[in-house]
There are 2 protein chains.
Amino acid sequence: MAAKRRPTLADVAREVGVSAKTVSRVLNEDGPASAATREQVLAAVAKLGFQPNLMARNIRVGGPDTTVGLVVPDLSNPFFGAVASGIEDAVRERGLTLLMGSSADDPARERALTDKFLGRRISILMVVPSVGADHAPLKGHRSGGLPVVFLDRPGTGLATDSVVSSNREGSHEGVTHLIAHGHRRIGFVGDLPTKLYTRRERLAGYRSGLQEADIPYDRSLVVSAHDQEGAAAATSGLLDLADPPTALFAGNNIMALGIVAELARSKRKDVAVVAFDDVSLAEVLEPALTVVAQDPEEIGRSAAATALARLDGDRSRARTVTVPTRLIVRGSGELPVPKR
Amino acid sequence: MAAKRRPTLADVAREVGVSAKTVSRVLNEDGPASAATREQVLAAVAKLGFQPNLMARNIRVGGPDTTVGLVVPDLSNPFFGAVASGIEDAVRERGLTLLMGSSADDPARERALTDKFLGRRISILMVVPSVGADHAPLKGHRSGGLPVVFLDRPGTGLATDSVVSSNREGSHEGVTHLIAHGHRRIGFVGDLPTKLYTRRERLAGYRSGLQEADIPYDRSLVVSAHDQEGAAAATSGLLDLADPPTALFAGNNIMALGIVAELARSKRKDVAVVAFDDVSLAEVLEPALTVVAQDPEEIGRSAAATALARLDGDRSRARTVTVPTRLIVRGSGELPVPKR
DNA sequence: TTGTATGCGTTATCAG
DNA sequence: CTGATAACGCATACAA
């Protein structure tokens, strides 16, 4: 038996012996309806398993859908999960539903997803921009009244609201913290690609920290990796240098995992570490991991607040909200330079 | 200026001076179209910022939407993020897009989300059932040809495919592992509510492990918590008992974090621990954390494979796939019973 | 190569 | 209180 056609309003109406509009009225509690027909309709709806076609409804009503579309690069990175949670909490009160999809950090897939969302006439669009994506095509939507917010990274080709962490300042603070504990050779383990906004900003903060302390920038101390395993390998490479670093700065949570794993594997407890972005169990490690913590939930909440204000008619200029980071001192960042 | 009406096919057609159908043709690369009109149309589309209304399109075409809807209880739990990743990878090859939303483990919200998905005529519905949810309303859709898959937990009131971990066997193995190292007083720190399927199954495995070793079940050794902090407090309570456990079994990843955090805080390295579900940095802890690892990506892939087979016409009976767990021995589960 | 009539499932309008 | 009819934005069938 092939998939049967789904029941429509008309089917329900025929079943009961009323008009389609009457069924519609009952379901939407729109106009008046006698208790008798009401019950009959409800019974028929249950019997047939009728499910209103929201697309047909939307096409008729014309208004935007009550959905917030969110595009993230990676569904399995807890950072974006936390951001999504923050958004969800904030928009639910307004009756909006968050739907999240992945771009895999690929501009083409990001575009396909946003188009899908836009085609559905969502109420708010939130995007963690992929490297190389062009957001000029969103201009019309934004000027047409659709709130568009960039998260974690700024977009390209479109002036709209964005919410980012204080990447540069946070890294500067983290590196300065290491310097204050005597370190002068500090490795930077960053993610890829190197032109990723957050990567660039955090590297810039690292460099400004060094500069402030009159420590020359040494390119051989800056390495990159795609994932945790790569970060571990990169860490190993740094420690094998003729003049190895005495401290490491992790460019994000994944890099932090790789660094910590490699230091544990090689039983090195003398290397100081500060990581950008917190990770679970950081306080349990030995030494406990000192981090420049981001506030992903707050990033989400802030983005939601901005978007909701736009929905309420705020037509002011596009603004960039910077969510502050916070240095959490736990131990790994306060290790001294080993005597030699 | 209020939000202007979005441009439609007709608007584009008027702009160019052709019929709506012609515009439709170029956009869908459907019928033939002269290069001249083609360019004109494309120009007008860009100029007006026209975005086809996918709902109108879909309602006309009638076919299902190319979306896979996924309902999870918590967007910020990395376990579900990994499951989603597995699904995404598997369905993308078929041109399907994964969209994920949160039920917050609330039946009403789960229902609202599934209704929203169903109203959009998604191709596949995947649900991590909330406690207390009734899935009988999905019957019509499932028999109407919509693949419905339950993940991580079985659904209620609907016979359909589901994919779960080997919770009972895994727990049994984990507890038996502790017993093999001499432990007889083993605490169980589980999540809430206690009637949650995974919680019940894992507790059952714990009990069967004890029973097999002729160790009496002691209710005072079974505690529960909502979150990591709660798990830490529960752990503390267990260790304060007059006759405290010498080993702990964590009912899920969050409970594991709480246990590990509390043991670190109280500087207890003599308590053996086995956790259900792996956590990052488990191998770096001291002692490294022995776990009964789940395979969330595989759960996702398996669910996707099942659903795709249904889409291809598989009308065989509903089946339950059990994804095996794997005991990963790292150290914490092999600690001996302290001498006293 | 292009246009016209028609219908998808729903709701708004207006009449009964 | 209820129903007939038109309309939403788009695609199919057929004609030109």
Side-chain angles (χ1 to χ4, degrees), chain A residues 3-42 44-45 48-66 115-116 118-122 144, chain B residues 3-42 44-45 48-66 115-116 118-122 140-141 144:
Chain A
K4 359 175 194 185
R5 201 177 53 82
R6 310 173 95 106
T8 74
L9 257 195
D11 294 323
V12 177
R14 202 172 312 116
E15 177 83 13
V16 182
V18 298
S19 80
K21 179 56 194 163
T22 301
V23 178
S24 169
R25 267 196 276 256
V26 173
L27 261 42
N28 298 316
E29 303 183 357
D30 195 22
S34 76
T37 50
R38 163 183 226 80
E39 276 190 44
Q40 285 186 300
V41 167
L42 258 29
V45 165
L48 298 182
F50 168 75
Q51 190 97 25
N53 188 326
L54 294 187
M55 311 206 225
R57 162 177 242 271
N58 225 286
I59 194 187
R60 178 65 245 235
V61 176
D65 184 27
T66 60
D115 279 355
K116 192 154 196 163
L118 294 170
R120 301 274 143 62
R121 303 298 189 256
I122 55 173
Chain B
K4 355 171 196 190
R5 200 178 55 83
R6 309 174 96 105
T8 75
L9 257 194
D11 294 325
V12 178
R14 203 172 310 118
E15 178 82 13
V16 183
V18 297
S19 81
K21 179 54 200 164
T22 303
V23 179
S24 169
R25 267 196 276 257
V26 285
L27 259 42
N28 297 318
E29 302 184 359
D30 194 22
S34 78
T37 50
R38 164 182 223 80
E39 276 190 42
Q40 284 187 302
V41 167
L42 258 28
V45 164
L48 299 182
F50 169 75
Q51 189 97 22
N53 187 327
L54 293 187
M55 311 209 221
R57 162 181 244 271
N58 240 302
I59 194 186
R60 177 66 246 239
V61 174
D65 184 29
T66 60
D115 279 355
K116 191 153 197 161
L118 294 170
R120 298 275 139 63
R121 301 301 187 257
I122 54 173
H141 294 90

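Values below: all heavy atoms of this structure, side chains included; hydrogens, waters and symmetry mates excluded. Naming convention: chains lettered A, B, ... in sequence-line order (proteins, then strands); numbering from 1 in each chain.
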Using whole Å, what does the distance between atom C1' of nucleotide D:dC8 and atom CG of B:Asp11 come to?
13 Å
In whole angstroms, the gap separating P of D:dC10 from CZ of A:Arg57 amounts to 20 Å
Residue mapping more 5' on DNA chain C - nearest nucleotide basis, B:Val61 or B:Ser19
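Nearer the 5' end of the strand: B:Ser19.
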Hey, which of these two, B:Ile59 or B:Arg38, hits DNA chain C nearer its 5' end, going by closest nucleotide?
B:Arg38
Of the nucleotides [options], which has the atom closest to the [X] side chain?
| X | options | answer |
| --- | --- | --- |
| A:Pro32 | D:dA11, C:dT10, D:dC1 | D:dC1 |
| B:Asn28 | D:dA11, D:dC10, D:dA4 | D:dA11 |
| B:Ser34 | C:dT10, C:dT2, D:dG3 | C:dT2 |
| B:Thr37 | C:dT2, D:dG9, C:dA12 | C:dT2 |
| B:Val18 | D:dG9, C:dG3, D:dG3 | C:dG3 |

Confirm from the modelled atom types if B:Arg25 and C:dG3 form a donor-acceptor pair under 3.5 Å, side chain to base only.
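Counting by modelled atom types and ignoring angles, a donor-acceptor contact under 3.5 Å is found here.
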Hey, is the side chain of [X] poking within less than 4.0 Å of OP1 or OP2 on [N], counting only N and O atoms?
| X | N | value |
| --- | --- | --- |
| A:Thr22 | D:dG3 | yes |
| A:Arg60 | D:dA7 | no |
| A:Ser24 | C:dT11 | yes |

Check every strand shown and say whether A:Leu9 touches a base, only sugar-phosphate, or nothing at a heavy-atom separation below 4.0 Å.
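The answer is base, as A:Leu9 lies within the cut-off (heavy atoms under 4.0 Å) of a base atom.
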Is a donor from one side chain sitting under 3.5 angstrom from an acceptor on the other, for B:Asn28 and B:Arg57?
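There is such a pair between these side chains.
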